[in-house]
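Input: a single structure, listed below in structure tokens.
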Amino acid sequence: MNVVRHWFTQQRGYTPFDFQQQTWDAQLAGASGLVHAPTGMGKTFAVGLGPMMRWCDAHPDRQSWAALKSPPLTMLWITPLRALASDTANSLREPIEDVGLPWTLELRTGDVSSSIKARQKKRLPSVLVTTPESLSLLLSYADAKAKFAHVQSVVVDEWHELMSTKRGTQTELGLARLRRWNPAMQTWGLSATMGNLEQARDVLLGRAKAKSGVLIRGESQKAVRIETIVPDDLERFPWAGHLGLKLLPQVLDELDKVGSALLFTNTRSQAELWFAAIVKHRPNWIGEVALHHGSLDRKLRQKVEDLLREGKLRCVVCTSSLDLGVDFSPVDRVFQVGSPKGVARLMQRAGRSGHQPGAVSRVLGVPTHAFELIEFAAARVGIEGKRVESRRPLDRPIDVLVQHLVTVAAGGGFDEHALYEEVKATYAFRDLSAEQWQWAMDFVTRGGKALYAYPHYRRVAPPNGDGQYHVSSQQIAKQHRMGIGTITSDAAMIVKLARGRSLGTVEESFIARLKPGDRFLFAGQPLELIKTQNMTAYVRRATRLSGNVPRWQGGKSPLSTQLADAVRAKFDDALAERFTDDEMRAVRPLLELQRQWSRLPAADELLIESATSREGHHLFAYPFQGRLVHEGLGALLAYRLSQQAPRSITATVNDYGLELMCPEPIAMDEKAWRDVLSTDRLVEDLLACLNATELARRQFREIARVAGLIFTGYPGQSKSTRQLQASSELFYDVFAEFDADNLLLDQARREVLEEQLEVRRLKQALERIEAMRLVRVTLEQLSPLAFPLWAEHLRENHVTSEHWSDRVRAMAVALEKVADDG
DNA sequence: GACCTGCTGCGGCCTG
């Protein structure tokens with residue numbers, strides 16, 4: 001028996017799971033593929049031991065191992081997270097050391113010491129655990145080929161997370177490079193649950209291997225159970241709102257019962273508030289409850305992760321910052337506060353509990369308003385029906401290609417034709433046309449049409465006798481390396497204790513509203529602002545809490561299509577009087593009101609409600625397509641209506657529908673509605689109304705950085721957002737004027753349409769609506785579906801001098817009264 | 001004193 005397998009079964013005493021066995025067999029047979037494996041089931045060993053077994057088979061004489069010293073880089077492991085890199089290294093080190101393989105193993109991420117980096121500049125270890133960015137960096141050194149020529153297998157961990165991002169594309173390009181140097185190289189990916197695993201495998205393997213690729217599905221789906229805290233009294237439960245502290249007592253009761261828990265929230269400020277609330281009500285838990293989100297200082301987060309790993313925490317309140325990484329033992333209870341947003345997302349979070357094979361993963365939903373009860377019920381249906389979201393791979397992000405061209409030019413140079421073929425072998429650039437390639441080449445060699453006068457943008461020099469393109473100068477190579485990567489983020493303000501450590505970062509706009517002496521809640525503690533200086537807010541601990549919580553302007557993830565459809569189906573259930581779960585029974589009175597005051601929309605109808613309030617005239621429509629689509633749709637409808645007659649219309653959206661508000665009444669018959677809901681000229685109208693130029697301009701900022709047009713400054717002295725903005729705008733304007741066909745501009749527009757507006761989904765929504773009946777209802781009072789939109793509208797537009805909450809409360813009371821009378 | 005929506009992730013230089 002192979003010594004590695006022997007180690008696994010005899011020394012460690014493990015019985016391989018089926019998927020581990022299958023993976024090793026496939027790896028020994030020389031195949032590539034993707035493994036779908038639940039967390040905590042030994043996925044590192046599943047893909048990590050095969051290459052070791054292979055090497056042992058090729059070197060059967062153990063006596064000779066010592067003489068081999070450290071073999072060249074044989075196995076490369078790519079992870080999206082630095083924290084995962086060290087966990088993985090620890091797992092892989094075990095068999096290497098126990099078996100006595102002569103392999104060396106090292107990490108290569110941005111935070112390894114400079115001495116290790118210096119050593120790796122000379123020679124790489126036998127096993128290297130790294131990130132997509134660090135791989136790219138290594139590929140940018142002139143001797144890259146010699147260093148990577150012996151790589152026999154590459155493993156990409158958490159591929160589902162990388163695949164649909166530019167980091168994934170960068171990984172694809174790096175893998176294509178390695179495959180060219182060693183065509184027999186095996187590629188293996190690890191992925192959590194997603195809807196398009198086959199495609200994920202194909203993207204990972206690229207053109208050459210896609211046909212022979214294997215897909216191994218791990219353990220039969222682990223059971224996931226979704227439970228929900230159902231409010232005792234729905235009448236007093238909010239119809240809108242997002243904090244959900246209403247259910248705090250029930251959550252505390254649950255926390256009392258368990259030893260350890262993770263409480264996921266959807267936003268950072270929500271996490272801060274929940275953390276503060278828990279500590280306030282359970283003061284004796286101080287030290288056992290922790291907070292974890294992306295704006296906290298890395299050191300604070302690291303500490304929480306360590307304590308979590310050691311099993312010393314009773315509860316961690318977190319955002320998706322704990323979705324991945326941190327190899328801790330499963331917790332007893334997982335909470336999801338607020339909308340689950342997606343089926344896969346809820347499954348992944350549930351998976352943080354009940355790790356043992358056969359154990360059930362459970363998640364307890366904590367709705368923050370009444371309709372979220374339906375979302376949890378819908379997510380359960382989604383999981384049972386295995387209707388899990390897909391992740392869509394990117395199509396030809398030119399900025400990533402441009403960056404890669406300079407990387408490769410610095411990394412030993414390239415032959416143009418060969419590199420074109422290599423790039424086209426990736427899934428992302430499989431349809432790259434000769435013209436597009438030419439454009440990219442021209443852009444890096446001459447600066448394109450617009451920048452040819454600036455030598456600085458001639459980053460790649462044409463062949464000089466050897467047929468190879470090379471980077472123009474070492475200075476350019478150096479600067480390029482500083483900009484490698486595809487993650488861009490704006491500068492944030494550091495929050496620092498006056499005498500002491502940094503607590504994390506908040507947005508400048510938040511601090512700008514405060515004066516010295518004002519208090520706010522951050523990093524789980526009350527703070528008082530002392531002064532601001534150099535993008536740093538100096539604070540001291542305050543004794544009393546303030547309700548002021550930083551708000552970050554983050555992504556606005558919409559309800560996924562799968563979950564939105566499932567929610568829609570739950571309305572059908574209600575229509576058919578099928579109230580089969582606790583959540584639906586709990587919201588029944590609310591749905592009953594919706595039916596009485598308006599209508600429960602059936603699957604084949606689009607409900608349009610109109611109402612009059614002292615703000616003006618409102619139209620509400622409910623396509624159930626998630627907020628991004630509704631944003632596009634709202635803007636489109638407002639635009640088209642104002643084209644018909646001059647009037648000012650504001651649109652407000654949420655995940656279920658949209659509201660159009662106008663000071664004057666908008667009289668529309670069926671035909672008028674059909675016209676404004678038409679798919680004709682959809683993209684043109686969207687571009688016209690969304691001030692697409694402005695959106696594209698903003699999007700271009702990121703593209704310009706990835707493409708290497710903007711130097712963001714040396715580490716530690718990064719340029720301000722304003723500076724970066726100014727230079728990217730300059731490029732935008734120059735391109736728009738002198739190089740209108742610039743592919744980077746085109747990409748900016750594409751990204752706005754596809755990612756920010758989800759045009760594809762919007763178009764599908766409109767097509768569906770075409771086949772639907774339009775049902776129009778005039779409301780006497782706001783319906784339960786309309787109420788959250790109305791409240792959102794007030795919040796966004798500050799339309800009333802009365803305080804927002806007073807107004808909302810007053811309306812809620814009025815509605816309650818009507819409900820009671822009815 | 002109450003009210004509050006919006007995620008995550010990486011990398012780099014200089015000197016002797």
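In the text below, chain A, chain B and the rest are named by the order of the sequence lines, each starting its count at 1.
Every side chain to side chain donor-acceptor pair (under 3.5 Å) that D323(A) has, sequence neighbours left out, goes to R349(A).
When heavy atoms are screened at a 4.0 angstrom cut-off, R301(A) is found touching the sugar-phosphate backbone but no base atom.
In this structure, L322(A) places its CG atom 9 Å from P of dG9(B), rounding to the nearest Å. What separates CD of E161(A) from P of dC7(B) is a distance of 16 Å, to the nearest Å. What separates CG of L107(A) from P of dC10(B) is a distance of 13 Å, to the nearest Å. The nearest whole Å value for the distance from the CZ atom in R167(A) to the C1' atom in dC10(B) is 5 Å. One can place CD of Q756(A) at 14 Å from C1' of dG6(B), the figure rounded to the nearest angstrom. Counting to the nearest Å, the C1' atom of dC4(B) and the CZ atom of R551(A) are 5 Å from each other.
A close approach under 4.0 Å does occur between a side-chain nitrogen or oxygen of T319(A) and OP1 or OP2 of dT8(B). Regarding contacts with the backbone of dG9(B), every side-chain N or O of R82(A) stays at 4.0 angstrom or more from both OP1 and OP2.
Put simply, OG on S473(A) and CZ on R459(A) are 11.5 Å apart, with the number rounded to the nearest 0.5 Å.
A donor-acceptor pair is defined here as one N or O able to donate and one able to accept, closer than 3.5 Å; such a pair exists between the side chain of E172(A) and the backbone of A428(A).
Toward the 5′ end of DNA chain B lies the nearest nucleotide of S320(A), the other residue of the pair S320(A) and K478(A) mapping further downstream.
In this structure, R705(A) does not pair ionically with D399(A), as no charged nitrogen and carboxylate oxygen lie closer than 4.0 Å.
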